[in-house]
There are 2 protein chains.
Amino acid sequence: MEQSHTHVPSECARVAPVLSRIGDKWSVLVVMLLGDGPMRFNELRRRVGGISQRMLTLTLRGLERDGFVTRTVFPTIPPRVDYELTPLGHSLLVPVRELGAWAVRNVSVIEDAQRRFDQAAKGQSQSLEQAAPMSFAK
Amino acid sequence: MEQSHTHVPSECARVAPVLSRIGDKWSVLVVMLLGDGPMRFNELRRRVGGISQRMLTLTLRGLERDGFVTRTVFPTIPPRVDYELTPLGHSLLVPVRELGAWAVRNVSVIEDAQRRFDQAAKGQSQSLEQAAPMSFAK
DNA sequence: CAGTATCCTTCATGATACTG
DNA sequence: CAGTATCATGAAGGATACTG
């Protein structure tokens, strides 16, 4: 129980933005799809499914800015742009896949816990004869 | 290059909320701190540093709802509430620590990439004699 | 094809004040 | 001590229309 991870706020402040990219709505999915090889903008768009053109652009620019993907423009008409993982992007894939695998293994357990929590909360507010304040269900 | 992760949208839809909890501003930090052992509300608040009372409450309720932490109330005066990781919470710690370690190892490389990208973007907009549209720097 | 530009809505987070 | 309640704000994301 003596882990002592040395929680240094300054270090956390630098790491937090990296983790928040993991948590954003599309980045992880895009990185995983690019793990299969380079892809063009609209191919990515189709494979992701449900992403707006705007959000795919923003997501890809963010990943490019972080150094996870390269953007290669072929100045043809019509234009063609390929996106590809960098070595850094590929290395990110390693822990991300582990986290993804963990999530897949545990998602049912989590969903069950959520149902129990929500059920208990409902019973609680019923017994108090009042509506539930501050909902936590996302 | 033949990974074929079988990107099933329905599966992704269930996993995405789990990943987004990883990305939220405080959950990972709280889980890692609780990895050192059970802790009271205000002790957690002090250790996290910079979190509002409201956000700590919301973060803990979310983690409790997901089944990552337990909340134990001691009906004393003044009240005492202990938060502790569940086995599920501890198991989450494994991939999260790996991701954290990856982030710590690579944060400098990422920050360098960001600076290069921002610098290149600045040069680009200078050469076009116009202000930069759509900033990607978070 | 691969974006930009706008507008708009919802959500996450924070500040502050109050309470059993 | 450990919360709730309320209000305010900025960011994230989506819809739609336009363009080299």
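In what follows, chains carry the letters A, B, and so on, assigned in the order in which the sequence lines appear, proteins first and then strands, with residues in each chain numbered from 1.
B/F74 places its CZ atom 12 Å from the P atom of D/dG3, with the value rounded to the nearest Å. When rounded to the nearest whole Å, the span between CG of B/L56 and P of C/dT13 equals 13 Å. Counting to the nearest Å, the C1' atom of C/dC1 and the CZ atom of A/R80 are 11 Å from each other. Regarding A/R71, its CZ atom lies at a distance of 12 Å from the C1' atom of C/dT4, rounded to whole Å. Atoms CD1 (A/I77) and P (C/dG3) sit 15 Å apart, rounded to a whole Å.
Side chain of A/R45 to backbone of A/I51: a donor-acceptor contact under 3.5 angstrom is found. For the pair A/W102 (side chain) and B/S91 (backbone), a donor-acceptor distance under 3.5 Å is present.
For the OP1/OP2 pair of C/dG3 and a distance below 4.0 Å, the side-chain nitrogens and oxygens of A/Y83 include at least one atom meeting the criterion. Within the 4.0 Å cut-off from OP1 or OP2 of C/dT4, at least one side-chain nitrogen or oxygen of A/R61 is found. Look at B/R45 and you won't find any side-chain N or O under 4.0 angstrom from OP1 or OP2 of D/dC1.
With sequence neighbours excluded, no residue forms a salt bridge (Lys or Arg N to Asp or Glu O under 4.0 Å) with B/R46. Every salt bridge (Lys or Arg N to Asp or Glu O under 4.0 Å) that B/R115 has, sequence neighbours left out, goes to B/D112. By the salt bridge (Lys or Arg N to Asp or Glu O under 4.0 Å) test, A/E84 is found to be paired with no residue, residues two or more places apart in sequence or in another chain being considered. In this view, B/E111 and A/R14 satisfy the salt bridge (Lys or Arg N to Asp or Glu O under 4.0 Å) rule, not counting sequence neighbours.
Salt bridge A/D82/A/R80: present, at least one basic N to carboxylate O contact under 4.0 Å.
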Please list each protein N or O that sits under 3.5 Å from an N or O in nucleotides 13-20 of chain D, with the distance.
from	atom 1	to	atom 2	distance (Å)
D/dG13	OP1	A/K25	N	3.3
D/dG13	O3'	A/K25	NZ	3.4
D/dG13	N7	A/R54	NH2	2.9
D/dG14	OP1	A/K25	NZ	2.5
D/dG14	OP2	A/W26	NE1	3.3
D/dG14	N7	A/R54	NE	3.2
D/dG14	O6	A/R54	NE	3.2

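The nucleotide whose nearest atom lies closest to any side-chain atom of A/F41 is, among C/dT4, D/dG3, C/dA2, C/dA2.
With pairs defined as Watson-Crick or G-U wobble and both atom distances under 3.5 Å, the stems of at least three pairs that touch DNA chain D come out as C:1-20 with D:1-20.
For A/A13 against A/P17, the heavy-atom pair with the smallest separation is O-CD, 3.1 Å. Contact detail for A/V18 and B/A103: the closest heavy-atom pair is CG1-CB, 4.0 Å.
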